[in-house]
Participant: 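To start, I am sharing the structure in question, which I have written as structure tokens.
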Amino acid sequence: MLANGFLRSPLSTTSLINMYSKCNQMDDAVSTFNYQSFDHNVFAYNAVIAGFIANGLGRDGFEFYRRMRFAGVVPDKFTFPCVIRGCSGVLELRKIHGLVVKFGLELDVYVGSALVNTYLKLGLMEEAQEVFDELPVRDVVLWNAMVNGFAQIGLLEEALAVFSMMGEEGVVPSRFTVTGVLSIFAVMGGFDNGRAVHGFVTKMGYDSGVEVLNALIDMYGKCKCVGDALKIFEMMVEKDIYSWNSIIAVHEHCGDHDGTLRLFDRMLKAGVLPDLVTITTVLPVCARLAALMHGREIHGYMIKNGLEKDVNVDDVQITNAVMDMYAKCGSMRNAYMVFNKMRNKDVASWNIMIMGYGMHGYGSKALDVFSDMCKVQMKLDEVTFVGVLSACSHTGLVREGREFLRQMKSKYGVVPTIEHYTCVVDMLGRAGHLEEAYQLVLEMPIETNPVLWRALLAACRLHGNQDIAEVAAHKVIELDPGHCGNYVLMSNLYVVNGQYDEVVEVRHSMSQQNVKKIPGCSWIELKDGVHAFITGDRAHPKANFIYAELDSLTARLGELGYVPHF
DNA sequence: TTAGGGTTAG
């Protein structure tokens, strides 16, 4: 391909390297470079380094920089911005920064903004600020590096302070500034400011760019202005994966499950391939709705379109989302099939299986998965033990549960948190060991919380233990006076014991605290869609039929000796 | 001949 001498000049070599780099063909770029062995100038080196960095191969770019230095070629102001962008660690970056100073390039604004950018990505704001302060010329790109860099590491106030300084210096914000600032208002919920930015965007004609419009969709969505977000989305001529993901997330965020799934369907029909973000937004909606059919359809689509790979970290996350959906929708058989096929399982994959089995009452299966997990020497984490302990709780494996809590730290190296204690209190409580549960609460080495006391209170109600119930109820109401469940539990307990004056008192303190009971709601997915039911509501078209069926079921349960708890 | 910013989930 490189025969005869017409590509001999360094000029052609560099252009060819650039061409290969742009096509993601770094092997060919390097071959081209090596072919021209007699005159490797700084241009050719810069082209190869830039190619590696642009293709996400920072390490190789770095190695090539070393080769350049070894060959005695002096780097220039074009070399460093690339090398800096390829730095992945603090030490590496500081070393390169030293070289920048050594070659007298620290006042170059291109080098400077690369430094600011990379320092902030690594969370080193003081170093970034220092570089920024030293630079004699500050253009809009440099300001953006500061504003967006601060925003990305969550220093929103600082980012806005820099943004206003930028305005005071008379620097006009660019499209890049706008996207960054919109993401800040999205998080802070600064709707008025966000709308002002929208006005500026229109004035400057920035609304022709897809990135700016995506950021606007996100901002309006997070500020709960679904209508505005949707208006922008529908008007967009060119929609990319960010546009779809953002508008889907907007609907998911405001609890519009149907809207989320409809938009996802539209996305597929528009021929846009979903990615990790899409899947991890949409699948939990199916799990929440227990909409197994929808979830299965999405999984089917993923298999058909090669999205169910098993190669990198993203793939593992996507597959975990699929498994979690199956587990939460109650189909452990499907969850296991997916799990079994995975070659690269991470700790979350195992945890999902343990949680799923435990949640559906297959405690011993959950413990089998746990023991397999130990056998393959997978690192256990806190979630693992929440799964294991709640499995013990739901299946009544009291002895095992006690033992796990006791050995968590010593044998498995995971320190028990409040969640673990809550699982065990719940477990002991359900099994009727109320004194032991109460003792555990009193003796545990960490602070209690309302969830823990509520678990104990629920157990007291189940087994009619008035004394511990009173303690737990007072604790729970003291720590979380706004939660309606506490009052309901307490009131039910008094009803069981016939203490009607106390029931009135509980009702009274509820109204004093302005606590209202949120009606219970459940739903089921059938062929024609999701049917929702709220406590006491008769809005469903077939309500009469359904309630008649329920009455007959209740009657049959009664005949078989079931006595309901109230 | 060659360089430095952006938006989405949890």
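Fair warning: this is a prediction, and the values are worked out from it, not measured in the lab. Chain A is the first sequence line, chain B the second, and so forth, proteins listed ahead of strands; every chain is numbered from 1.
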Participant: Look at the side chain of A/Asn214 and decide which nucleotide, out of B/dT2, B/dG6, B/dT7, has an atom nearest to it.
Facilitator: B/dT7
Participant: Going by salt bridge (Lys or Arg N to Asp or Glu O under 4.0 Å), name the residues that satisfy it together with A/Glu158, two or more places apart in sequence or in a different chain.
Facilitator: none
Participant: Going by ring-ring contact (aromatic ring centres under 6.0 Å, His included), name the pairs with one or both residues in residues 155-177 of chain A, residues two or more places apart or in two chains.
Facilitator: none
Participant: If you take atom types as modelled and just measure distance, does the side chain of A/Thr280 reach the base of B/dA9 with a donor-acceptor pair under 3.5 Å?
Facilitator: yes
Participant: Filter on ring-ring contact (aromatic ring centres under 6.0 Å, His included), then keep only pairs touching residues 212-248 of chain A, sequence neighbours left out; what's left?
Facilitator: A/His198-A/Tyr220, A/Phe233-A/Trp244
Participant: Is there a side-chain contact between A/Lys309 and A/Ile318 in this structure, where contact means two heavy atoms from C-beta onward sitting under 4.5 Å apart?
Facilitator: no
Participant: Determine the contact category for A/Val147: base if any of its heavy atoms lies under 4.0 Å from a base atom, sugar-phosphate if only primed atoms, P, OP1 or OP2 are that close, otherwise nothing.
Facilitator: nothing
Participant: By nearest atom, which of the nucleotides B/dG5, B/dA3, B/dT2 is closest to the A/Asn117 side chain?
Facilitator: B/dG5
Participant: I need the full list of ring-ring contact (aromatic ring centres under 6.0 Å, His included) pairs touching residues 303-326 of chain A, with sequence neighbours left out, sorted by first then second residue.
Facilitator: A/His299-A/Tyr326
Participant: Considering only B/dG6, B/dT8, B/dG10, which nucleotide approaches the side chain of A/Val277 most closely?
Facilitator: B/dT8
Participant: Atom CD1 of A/Ile248 and atom P of B/dG10: how far apart are they, to the nearest Å?
Facilitator: 13 Å
Participant: Rounded to whole angstroms, how far apart are CG on A/Asp275 and C1' on B/dT7?
Facilitator: 13 Å
Participant: Of all of residues 220-233 of chain A, which get a heavy atom below 4.0 angstrom from DNA chain B, listed by number?
Facilitator: A/Lys222
Participant: For the side chain of A/Phe78, starting at C-beta, report the closest nucleotide among B/dA9, B/dG4, B/dA3.
Facilitator: B/dA3
Participant: By side-chain hydrogen bond (donor to acceptor under 3.5 Å, both in side chains), which residues pair with A/Asn334, not counting sequence neighbours?
Facilitator: A/Ser331
Participant: Is there aromatic stacking of A/Tyr242 against B/dT7, centre distance under 5.5 Å, plane angle under 30°?
Facilitator: yes
Participant: From CD1 of A/Ile17 over to P of B/dA3, roughly how many Å is that when rounded to an integer?
Facilitator: 13 Å
Participant: Does anything in residues 91-110 of chain A come within less than 4.0 Å of DNA chain B? Heavy atoms only, and list the residues if so.
Facilitator: A/Asp108, A/Val109, A/Tyr110
Participant: Quick one: list whatever passes salt bridge (Lys or Arg N to Asp or Glu O under 4.0 Å) with A/Lys341, sequence neighbours left out.
Facilitator: A/Glu308
Participant: Per the ring-ring contact (aromatic ring centres under 6.0 Å, His included) rule, what does the pair list look like for residues 126-158 of chain A, sequence neighbours excluded?
Facilitator: A/Phe132-A/Trp143
Participant: I want to verify a distance call: between B/dT2, B/dT7, B/dG10, whose nearest atom is closest to the A/Glu252 side chain?
Facilitator: B/dG10
Participant: Consider the side chain of A/Asn46, meaning its heavy atoms from C-beta on, and name the nucleotide among B/dT2, B/dG6, B/dA9 that approaches it most closely.
Facilitator: B/dT2
Participant: Let's see if you get this right: which residues in residues 148-164 of chain A place a heavy atom under 4.0 Å from DNA chain B?
Facilitator: A/Asn148, A/Gln152
Participant: Is there a side-chain polar atom (N or O) of A/Arg85 under 4.0 Å from OP1 or OP2 of B/dG4?
Facilitator: yes
Participant: So that I can tick it off, tell me whether A/Arg288 and A/Glu252 are bridged by a salt bridge, with the cut-off set at under 4.0 angstrom between side-chain N and carboxylate O.
Facilitator: yes
Participant: Quick one: which of B/dT1, B/dG5, B/dT7 gets closest to the side chain of A/Ser174?
Facilitator: B/dG5
Participant: Can you sort out the partners of A/Lys203 under salt bridge (Lys or Arg N to Asp or Glu O under 4.0 Å), two or more places apart, ordered by chain and number?
Facilitator: none
Participant: Once you round it to whole Å, what is the distance between P of B/dT8 and CZ of A/Phe264?
Facilitator: 20 Å
Participant: Specify the glycosidic conformation (syn or anti) of B/dG5, with syn defined as within 90° of 0.
Facilitator: syn
Participant: In whole angstroms, how far is the P atom of B/dG4 from the NZ atom of A/Lys121?
Facilitator: 11 Å
Participant: Is there a side-chain contact between A/Asn148 and A/Asn117 (heavy atoms, below 4.5 Å)?
Facilitator: no
Participant: Rounded to the nearest 0.5 Å, how far does CG of A/Leu213 lie from CG of A/Asp218?
Facilitator: 12.5 Å
Participant: Just to verify, what does A/Glu63 make a salt bridge (Lys or Arg N to Asp or Glu O under 4.0 Å) with, not counting sequence neighbours?
Facilitator: A/Arg66
Participant: From the set B/dT2, B/dG4, B/dG6, return the single nucleotide nearest to any side-chain atom of A/Asp76.
Facilitator: B/dT2
Participant: What is the separation between atom CG on A/Leu276 and atom C1' on B/dT8, rounded to the nearest whole Å?
Facilitator: 11 Å
Participant: Where the side chain of A/Lys77 is concerned, which of B/dG4, B/dT8, B/dA3 is the nearest nucleotide?
Facilitator: B/dA3
Participant: Return the value, rounded to whole Å, for the distance between atom CG of A/Leu216 and atom C1' of B/dT8.
Facilitator: 14 Å
